[in-house]
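Please read these numbers as outputs of a predicted model, since none were measured by experiment.
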Amino acid sequence: MTKKRASPALAPAPFRRRLWLSLEFVAALSVLAFLFVILRIQSYSLTTPQPTLLLFRDPIPFSGDPKIAFLFLARAGLNLDFVWHNFFKNAQVGNFSIYVHSKPGFKLDQSTTRSPFFYGRHLEDSVQVNWGEASMIEAERLLLRVALEDPANQRFVLLSDSCVPLYNFDYVYNYLMSSPKSFVDSFSDKKEHRYNEKMAPSIPKHKWRKGSQWITLIRRHAEVVVDDDFIFPVFKTFCKRKLAEDIDEKQITEPASEKKHGCIPDEHYVPTLLSMRELEDELERRTLTYTLWNNSMSEKDKRSWHPVTFQYGNANPKEIEKIKNINNVYYETDLRTEWCQCNGTFVPCFLFARKFSPGAAMRLLNERLIGAFEVSSLLQESS
């Protein structure tokens, strides 16, 4: 009788060992992944500005009439000071104040301006401004900071050294004071590639806005801009002009429609900041300063936009009247028509215009397109 030999039992050790090693490997990967996430969070917290508690200042009481603060961004002097002299001489002195940001060291006195209204109105603390960098909005913030020291200043109008008023002072004053809102051009920037993904999450893309630099703010919004220590550092970090040595070969050869532009802070900072603060319902989302844009084709058939400078020839009554009759602005990227209103009343869109040469500005005065003017009055008052 033959005996059946029992089959030897399979040793479970190799399988268990493999299973155990697999579990150890998975556990080790999990620990490493956890440590990696912790390190990234710590690194992010060190490099990304964290939001502070966003509060509004308490209102400061004042006596007398509210004032408009006219804030001029100038390269040096004001070539159109004679226009503004004519504008201010017909106003009550207690209804306005003037502040000028110019290059460091420049002073406004009898040797640098023809109008006494501008004597000593330069900021002692100014910065060197470079186009396309955060120094532009730093200058704006300096103007607002100084102007906020006067509690009577309730409206803040930012202007360039090439701007002219389109109406007399009383009209501008009543227009601005009758509205409880700021006038800030603000729309979604969907066509141009100015948003830098590295700005997230400090500035989410859906909050990114574009608009004209030339703003008019109520006091509360001016305080928001000056008190901002969260959004401004982000712009300061990422909004810089690209130097020639920073442009790589790919950027030079790629089509113009695909090139990434710098974020151009003066066109994005204020509307983006107010969007981040959920204040867009407190805005008339348009600028009060008209700019004529030249939509031309360059030598290489690339479309480019440049502001037109008004000269004596095209600063004629017909052109000025056409600007004054504009009553709405269409924003293509938002598919939005902004009908120009002031406290619920339909009004002309623009109170100011740029860019005007001295010859063009003199024509406006001589032909009384922006109010009565006598050259002799300026000469007498400045003597």
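- Looking at Lys207 and Glu280, no side-chain N of the basic residue comes within less than 4.0 Å of a carboxylate O on the acidic one, giving no salt bridge.
- Between Leu80 and Cys163 the shortest heavy-atom distance is CD1-O, 3.7 Å.
- Leu273 and Phe56 fall within a single hydrophobic cluster, where Ile, Leu, Val, Met, Phe, Trp and Tyr are joined by side-chain heavy atoms under 4.5 Å apart, directly or via other members.
- A donor-acceptor contact shorter than 3.5 Å is absent between the side chain of Ser182 and the backbone of Leu283.
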Does the pair Leu159 and Phe352 meet the rule for a side chain to side chain contact (heavy atoms under 4.5 Å, CB included), with working shown? CA-CA 9 Å; Leu159 299 160; Phe352 314 98; 3.8 Å; yes

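- Cluster annotation: Phe346 and Val329 are assigned to distinct hydrophobic clusters (Ile/Leu/Val/Met/Phe/Trp/Tyr, side-chain heavy-atom contacts under 4.5 Å, transitive).
- When atom types are taken as modelled, the side chain of Asp228 and the backbone of Val224 share no donor-acceptor pair closer than 3.5 angstrom.
- How far CZ of Phe350 is from CG of Leu288: 8.5 Å, rounded to the nearest 0.5 Å.
- Between Asp334 and Arg285, at least one side-chain N (NZ, or NE/NH1/NH2) sits under 4.0 Å from a carboxylate O, which counts as a salt bridge.
- Proximity of a side-chain donor or acceptor of Thr287 to a complementary backbone N or O of Trp214 within less than 3.5 Å is detected.
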Side-chain donor-acceptor pairs under 3.5 Å in residues 57-76, sequence neighbours left out?
{"residue": "Arg57", "atom": "NE", "partner": "Asp227", "partner atom": "OD1", "Å": "3.4"}
{"residue": "Arg57", "atom": "NE", "partner": "Asp227", "partner atom": "OD2", "Å": "2.9"}
{"residue": "Arg57", "atom": "NH2", "partner": "Asp227", "partner atom": "OD1", "Å": "2.7"}
{"residue": "Lys67", "atom": "NZ", "partner": "Asp150", "partner atom": "OD2", "Å": "2.6"}
{"residue": "Arg75", "atom": "NH1", "partner": "Asp161", "partner atom": "OD1", "Å": "3.3"}
{"residue": "Arg75", "atom": "NH1", "partner": "Asp161", "partner atom": "OD2", "Å": "3.3"}

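- Following chains of ILVMFWY side-chain contacts shorter than 4.5 Å, one can reach Leu364 starting from Tyr167, so the two form part of one hydrophobic cluster.
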Before giving the answer on side chain to side chain contact (heavy atoms under 4.5 Å, CB included), spell out for Arg145 and Leu142 the whole-Å C-alpha distance, their side-chain angles and the decisive distance to 0.1 Å. CA-CA 5 Å; Arg145 180 175 289 110; Leu142 285 171; 3.8 Å; yes

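- Taken to the nearest 0.5 Å, the CZ atom of Arg121 stands 7.0 Å off from the OG atom of Ser97.
- A cation-pi arrangement is absent between Arg277 and Phe230, since the terminal nitrogen or guanidinium carbon is not both under 6.0 Å from the aromatic centre and inside a 45° cone about the axis.
- With His221 contributing its side chain and Thr216 its backbone, the two residues share no donor-acceptor pair below 3.5 Å.
- Here the side chain of Ser135 pairs a donor or acceptor atom with the backbone of Asn130 at under 3.5 angstrom.
- Relative to the six-membered ring of Tyr290, Lys322 misses at least one condition, a distance below 6.0 Å or an angle of at most 45° to the axis.
- Here the side chain of Ser357 pairs a donor or acceptor atom with the backbone of Phe310 at under 3.5 angstrom.
- Separating the CZ atom in Arg155 from the CD1 atom in Ile218 is a distance of 6.5 Å, to the nearest 0.5 Å.
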Evaluate side chain to side chain contact (heavy atoms under 4.5 Å, CB included) for His101 paired with Val127, printing each intermediate quantity in order. CA-CA 8 Å; His101 182 283; Val127 297; 3.7 Å; yes

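- Rounding to the nearest 0.5 Å places NZ of Lys355 at 12.0 Å from CG of Leu292.
- A cation-pi arrangement is present between Arg363 and Tyr312 under the rule of less than 6.0 angstrom and at most 45 degrees off the ring axis.
- Hydrophobic clustering places Tyr173 together with Val83 (ILVMFWY residues linked when any side-chain heavy atoms are closer than 4.5 Å, directly or through intermediates).
- Between Phe156 atom CZ and Leu143 atom CG the span is 11.0 Å, to the nearest 0.5 Å.
- Not one N or O on the side chain of Asn86 forms a donor-acceptor pair closer than 3.5 Å with the backbone of Phe82.
- Remark: side-chain polar atoms of Asn153 are paired, donor with acceptor, to backbone N or O of Ala147 under 3.5 angstrom.
- Ring geometry for Tyr171 versus Tyr175: interplanar angle of 30 to 60°, hence tilted.
- Dense packing is recorded around NZ of Lys181, with more than 12 heavy atoms of other residues, nucleotides or ligands lying under 6.0 Å away.
- Inter-residue side-chain proximity for Asp81 and Leu108 is flagged as unmet; no heavy-atom pair is nearer than 4.5 Å.
- In this structure, Lys205 contributes its side chain and Tyr195 its backbone to no donor-acceptor pair below 3.5 Å.
- The closest donor-acceptor contact from the side chain of Thr333 to the backbone of Ser188 lies under 3.5 Å.
- Residue Asn325 places its CG atom among more than 12 non-hydrogen atoms of other residues, nucleotides or ligands, all under 6.0 Å distant.
- Counting only residues at least two apart or in different chains, ring pair (Phe, Tyr, Trp, His ring centres under 6.0 Å) contacts with residues 320-342 comprise Phe187-Tyr331.
- Residues Met199 and Cys239 approach most closely at CE-SG, 3.9 Å, considering heavy atoms.
- Annotation for Pro307 and Thr291: closest pair CB-CG2, 3.7 Å, computed over non-hydrogen atoms.
- Residues Phe117 and Val172 fall within the same hydrophobic cluster, defined by Ile, Leu, Val, Met, Phe, Trp and Tyr side chains chained together at heavy-atom separations under 4.5 Å.
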